[in-house]
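From a predicted model like this one, the values you see are computed outputs, not experimental measurements.
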Amino acid sequence: MKKKLVSVLLCASMISTVLVGCGSGETSTTDNAAATEDTAAEETTDDAATETATAGDGAVYYLNFKPEQDEQWQTLAKTYTEETGTPVTVITAASGTYEQTLKSEIAKTEAPTLFQVNGPVGLANWKDYCYDLKDSELYTYVKSDDFVLKEGDAVDGIAYCIETYGIIYNKTLLTDYCALDGAVISDASEINNFETLKAVADDIQARKDELGVAGAFASAGMDSSSDWRFKTHLANLPIYYEYKDKGIGSTDAIEGTYLDNYKQIWDLYITDSTCAPALLSSKTGEDAAAEFATGMAVFYQNGTWAYGDITSDGLTDDDLGMLPIYIGAEGEENQGLCTGSENYWCVNKNASEADIQATLDFLAWVVTSDTGRNSLANDMGFVTPFTTFDDGYKASNPLINAADEYIAAGKTAVSWNFSSIPSETWKDNVGNALLEYAQGTGEWSAVETAFVDGWKTEYEAANQ
């Protein structure tokens, strides 16, 4: 590994909206490798953490999953190298190609020493490469085993950020709507089920000129920078309720009990929208974020990671709120936001002992130093599962606060069950069927087939 910091971002066009949270490799659109300049590092760091991180013969190569945080990771890498002499390389995978990139990179002589998996399904592909973290310093800071991936007693992966998504709404616009004569509601708090959400969205769409918006919902774009919001995040809702009914956390054969509910929320998104359904194939995640950020739409399905994108054009914290994604399931009045993680750090056990130790030292520094904690909590906006962030390093924005408010009100957070989806092919097939249905070139039955039959087929293929 070259003894200098390398900063490479595999991208042709950076799209500011992201998944993220989303560890299924679905992020902003990027294609080709391009070098990026290192940014200025934080000047101060916790003394004790600095003493822990000492220069040695090892080096760190982190294959990063999140393009939206590339700049912050490059800065951290540079700072750590300057302080300890340990070379740290950060390479960020292209949109939707993390698994493909990891397969390519892991086969190289200078393979990643640190990589990510998105949960149990992702771990199944990479468990033979995972170093056991149970005796690592990093593991001592984890609040609960709820945030780790384990095989027996072995700790194969540790989550580093907890994220939340739902229906982000413009409080100012919704308040303006509530003030209109004949408005369906008088306050946003009255939206606690699908029936009310639909009534409000329908009325906003009908009175969009009066309210000065282009539509109730931002466009449900189905290009690769946006479709993950619906083939993965929205698909989580029917999976969650089916799992909840059965008391399970995964399955080899989904029944599709809540696909009618999936249909009605998708219908709402594509009809009460800023654009016609026929245009969805070309609409991007950036389009949706811009529509919301500029006040063209009242509602926008996305998560806490989108905070920076939607406040870049003048929206303030006072303008932002987040609602649960209601689909008409029984008891959804007690539903909270969708909260979880699909971002788990794994250390490559096939790396040299020196590189493994260097990587473990780097991770410990990231979660204990002032520089690392400030970057994760404030610059990247992560809520972390580490005890070291409890004292002064808690990420805070109105979207994160909304999740806390639902929990404080006794609402049940919706777990991230999409990490049990059997393959990326399943997601792609569901996404294609959603788009065909939206455009009027396909039937809803094709979505049902992709969802149910596709699950069984892809599960069997992955578990032969």
Side-chain angles (χ1 to χ4, degrees), residues 15-29 65-68 95-96 118 163-169 197 201 215-240 261-275 277 279-293 296-310 322-327 337-343 399 414 416-419 421 424 426-435 437-439 447 450-451:
I15 303 299
S16 59
T17 51
V18 300
L19 164 72
V20 110
C22 284
S24 39
E26 297 148 347
T27 48
S28 56
T29 300
F65 169 77
K66 287 174 164 287
E68 66 273 20
S95 172
N118 69 347
E163 296 174 304
T164 295
Y165 69 92
I167 297 174
I168 303 171
Y169 67 94
L197 174 64
F217 284 91
S219 55
M222 291 299 288
D223 91 318
S224 62
S225 69
S226 177
D227 64 351
W228 50 265
R229 294 189 291 142
F230 314 110
K231 69 183 185 182
T232 302
H233 281 189
L234 188 61
N236 185 68
L237 274 298
I239 297 170
Y240 165 77
N261 304 84
Y262 189 37
K263 179 180 183 297
Q264 64 183 9
I265 185 65
W266 179 240
D267 284 343
L268 188 64
Y269 283 178
I270 65 176
T271 54
D272 291 353
S273 173
T274 56
C275 76
L279 301 177
L280 293 181
S281 64
S282 62
K283 286 292 184 177
T284 68
E286 189 176 47
D287 290 333
E291 290 162 10
F292 184 81
M296 293 172 62
V298 179
F299 302 112
Y300 168 48
Q301 185 197 299
N302 217 324
T304 50
W305 55 86
Y307 172 72
D309 296 331
I310 58 179
M322 184 153 27
L323 296 167
I325 300 174
Y326 296 115
I327 64 171
L337 300 171
C338 301
T339 301
S341 180
E342 57 171 359
N343 297 279
L399 305 181
V414 172
W416 284 19
N417 298 107
F418 53 78
S419 61
I421 288 173
E424 289 298 315
W426 182 92
K427 297 177 187 178
D428 291 340
N429 290 341
V430 169
N432 291 336
L434 284 173
L435 177 58
Y437 168 75
Q439 294 178 150
V447 177
F451 207 101

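Aromatic ring centres of W426 and F451: separated by under 6.0 Å. If you look at Y169 and F292, their ring centroids are not closer than 6.0 Å.
Nearest heavy atoms, H233 versus Y165: O-OH, 2.7 Å. Of all the heavy atoms in N236 and V414, the pair that sits closest is ND2-CG1, 3.6 Å. Here the closest heavy-atom approach between residue A288 and residue A218 is recorded as O-CB, 3.6 Å. Of all the heavy atoms in G166 and L337, the pair that sits closest is CA-CD2, 4.3 Å. In terms of heavy atoms, P238 sits closest to I327 at N-CD1, 4.3 Å. Between F65 and N343, the closest heavy-atom pair is CD2-OD1, 3.4 Å.
By the 4.5 Å heavy-atom criterion applied to side chains, F217 and V298 are not counted as neighbours. Here the side chains of L434 and Y262 are in contact, with some heavy-atom distance below 4.5 Å. Looking at heavy atoms from C-beta onward, S341 lies out of side-chain contact with N118 at the 4.5 angstrom threshold. Side chains of I167 and N302 form no contact here, defined as non-hydrogen atoms less than 4.5 Å apart. By the 4.5 Å heavy-atom criterion applied to side chains, M322 and T304 are counted as neighbours. Side-chain atoms of L399 and I168, non-hydrogen and from C-beta on, do get closer than 4.5 Å to each other. Counting heavy atoms from C-beta on, the side chains of N432 and L435 never come closer than 4.5 Å. Between N261 and Q264, the closest side-chain pair of non-hydrogen atoms falls below 4.5 Å.
Of the possible polar contacts, one joining the Q301 side chain to the R229 backbone as a donor-acceptor pair under 3.5 Å is found. Under the 3.5 Å distance criterion, the side-chain polar atoms of W305 are left unmatched by any main-chain donor or acceptor of E163. A distance-only check finds a donor-acceptor pair linking the side chain of S225 to the backbone of G285 [under 3.5 Å].
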Verify side chain to side chain donor-acceptor pair (under 3.5 Å) between D223 and S226, making sure each step is shown before the conclusion. CA-CA 6 Å; D223 91 318; S226 177; 5.0 Å; no
Determine, stepwise, if the pair C275 / D287 fulfils side-chain contact (heavy atoms from CB on, under 4.5 Å). CA-CA 11 Å; C275 76; D287 290 333; over 6 Å; no
Could you go through I421 and I239, starting from their C-alpha distance and side-chain angles, then the distance that decides it, and tell me whether this counts as side-chain contact (heavy atoms from CB on, under 4.5 Å)? CA-CA 9 Å; I421 288 173; I239 297 170; 3.9 Å; yes
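Between the CZ atom in F418 and the OH atom in Y240 there is a gap of 14.0 Å [rounded to 0.5 Å]. Interatomic distance, S219 OG to L280 CG, rounded to the nearest 0.5 Å: 7.0 Å. Atom CG of L234 and atom CG of D227 lie 12.0 Å apart (nearest 0.5 Å).
A donor-acceptor contact closer than 3.5 angstrom links the side chains of T339 and T164.
Evaluated for a side chain to side chain contact (heavy atoms under 4.5 Å, CB included) with D272, the options I270, T274, L268 yield exactly one hit, L268.
The pair D428-K231 meets the salt-bridge criterion, since a charged nitrogen lies less than 4.0 angstrom from a carboxylate oxygen.
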